[in-house]
Amino acid sequence: MQLLQNDYFKNQDLGDIHAKVCAGKRLSFEDGMTLFDCPEPLAIGALANMVRTRMHGDKAFYVINQHINYTNICINGCVFCAYQREEGQNGAFVLNKEEVLAKIDSTALTPREIHIVGGCHPKLPLAYFEDILQAVKEKAPTAILKCFTAVEIAHFAELEETTTKEVLARLKAAGLDMLPGGGAEIFAPEVRKQICPRKSTAQEWLTIHEEAHKLGMKTNGTMLFGHIESRQHRIDHLMQLRESQDRGGGYTCFIPLPFLTENSQLTIEHPLTGLEKLRTIAISRLMLDNIPHIKAYWVMLGVKQAQAALKFGADDFDGTVVEEKIGHEAGATSEQGMTRSELEAMIRGCGCTPVERDGFFNEV
Ligand code: SF4
């Protein structure tokens, strides 16, 4: 059987990579490009599934969670963003503390993870966020608070005229448990210059995550792919994240996010195919040998493709979500939220065993 497998991968010119994967050896940049160039995506999926099975067996994780977006007003104006509004523009909003708490009241299940992110608002002071974290922690004491991307942290520091380290320490004292992975987009400066020139640089993003790790916080990483970047840019992004993890060790999960084209100023000549999304997820699993979890984010992928991703290296299905605005403004056609039994049925439907987790991936 092993011999047959070797022959199968050798026939795809993947013999050396297969040997490295079997031996648990790290893949190089060139290996990553070979995986992208291979004409047979199912072979890449099979390699990623080997690693995913070695790490997690047939488990697929999910969490009872809730997403809350506190504002869509943002000064950054990233060209790919369908979510952002100007102050005073039709549809612009800012939630106050009571409105945030009311969102938590509105759900039937007690969340184990609350994910709060928003735009970079020109005026909201750090005290607003400390107040919200304290109130949410009081209302949902068993939930892990995963809030504010590194881009928001950098923005808070600029408004407050202080350091990002100080902002992280203050938010941690107010109840922040971990950072989500948003804002990473593609690290290459030539891509950022075109799609998000006002946003934090890759170096700033990585530094803020490593500062959070030093404070004992966990974080996630993301990659927004399928816009103007090349496959080389994707591999470079994964390698920078892998190096950052080698330095700090605090990344829990990586979330490959396919770019959704609706309501965006970016015109994409060749939108991602389903197989290219799955291939990128599989390569993420293979390159990121030091990040434990890869998420199939059903909101952006759609439920059916997220199911397929569980066989292409992903092991996490995210969660109930409840209300999602950012992906849906960009054209996500998935539901707003899912129930526990729907999540479990989706996971079982692709031959995996559903395992409920908390925000830190502890099984519950
Ligand atoms: S992606 Fe984030 S930072 Fe960029 S414009 Fe949208 S909300 Fe603002």
Side-chain angles (χ1 to χ4, degrees), residues 67-95 100 103 115-126 128-129 132 146-160 164 167-168 171 176 179-209 212 219-229 233 237 255-268 272 297 299-300 321 323-332:
H67 283 210
I68 299 173
N69 300 122
Y70 58 89
T71 186
N72 58 355
I73 296 170
C74 184
I75 58 166
N76 278 349
C78 306
V79 294
F80 62 83
C81 180
Y83 173 72
Q84 176 227 7
R85 298 288 184 279
E86 302 288 331
E87 238 180 335
Q89 189 183 343
N90 201 14
F93 72 88
V94 183
L95 301 185
V100 169
K103 297 250 176 217
H115 170 106
I116 303 177
V117 294
C120 292
H121 190 284
K123 295 190 200 100
L124 290 175
L126 194 55
Y128 162 89
F129 299 101
I132 282 187
K146 171 163 68 73
C147 315
F148 317 125
T149 65
V151 172
E152 288 164 272
I153 300 290
H155 175 69
F156 302 161
E158 205 178 317
L159 278 188
E160 210 73 18
T164 49
V167 168
L168 287 167
L171 294 176
L176 182 64
L179 298 186
E185 321 313 358
I186 285 284
F187 287 144
E190 63 272 27
V191 175
R192 293 184 94 75
K193 212 178 350 178
Q194 289 187 65
I195 65 168
C196 52
R198 275 180 258 161
K199 203 170 228 174
S200 315
T201 63
Q203 194 48 55
E204 284 162 342
W205 189 98
L206 290 163
T207 300
I208 290 166
H209 278 257
T219 74
N220 288 341
T222 59
M223 173 172 74
L224 183 73
F225 67 99
H227 40 88
I228 61 162
E229 90 291 355
H233 288 133
H237 186 97
I255 308 131
L257 297 168
F259 176 62
L260 301 176
T261 51
E262 263 181 47
N263 302 324
S264 164
Q265 294 169 50
L266 269 186
T267 310
I268 303 300
L272 285 167
Y297 187 39
V299 170
M300 301 285 267
V321 176
E323 180 190 49
E324 200 284 335
K325 288 181 188 294
I326 297 172
H328 284 87
E329 292 273 356

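For ligands, and for the atoms within them, numbers begin at 1 and follow the listed sequence. Values below: all heavy atoms of this structure, side chains included; hydrogens, waters and symmetry mates excluded.
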Worksheet entry | Pairwise side-chain contact, Val151 with Ser200, heavy-atom cut-off 4.5 Å (strictly under) | yes
Worksheet item: If you measure only the distance, is there a donor-acceptor pair under 3.5 Å linking the side chains of His237 and Glu185?
Response: no
Item to complete: Over 60° means perpendicular and under 30° means parallel, so classify the ring planes of Tyr70 and Phe148, tilted if in between.
Response: perpendicular
Worksheet item: Just checking, is any N or O donor in the side chain of Glu152 or Thr149 under 3.5 Å from an acceptor N or O on the other one?
Response: yes
Worksheet item: So, Phe225 versus Phe259, ring centres under 6.0 angstrom or not?
Response: no
Discussion item. With 2.8 Å as the threshold, which protein atoms of type N, O or S lie near atom 8 (Fe) of ligand 1? Leave waters out.
Written reply: Cys74 SG
Worksheet item: Can you tell me how far CD1 of Ile268 sits from CG of Leu260, rounded to the nearest 0.5 angstrom?
Response: 11.0 Å
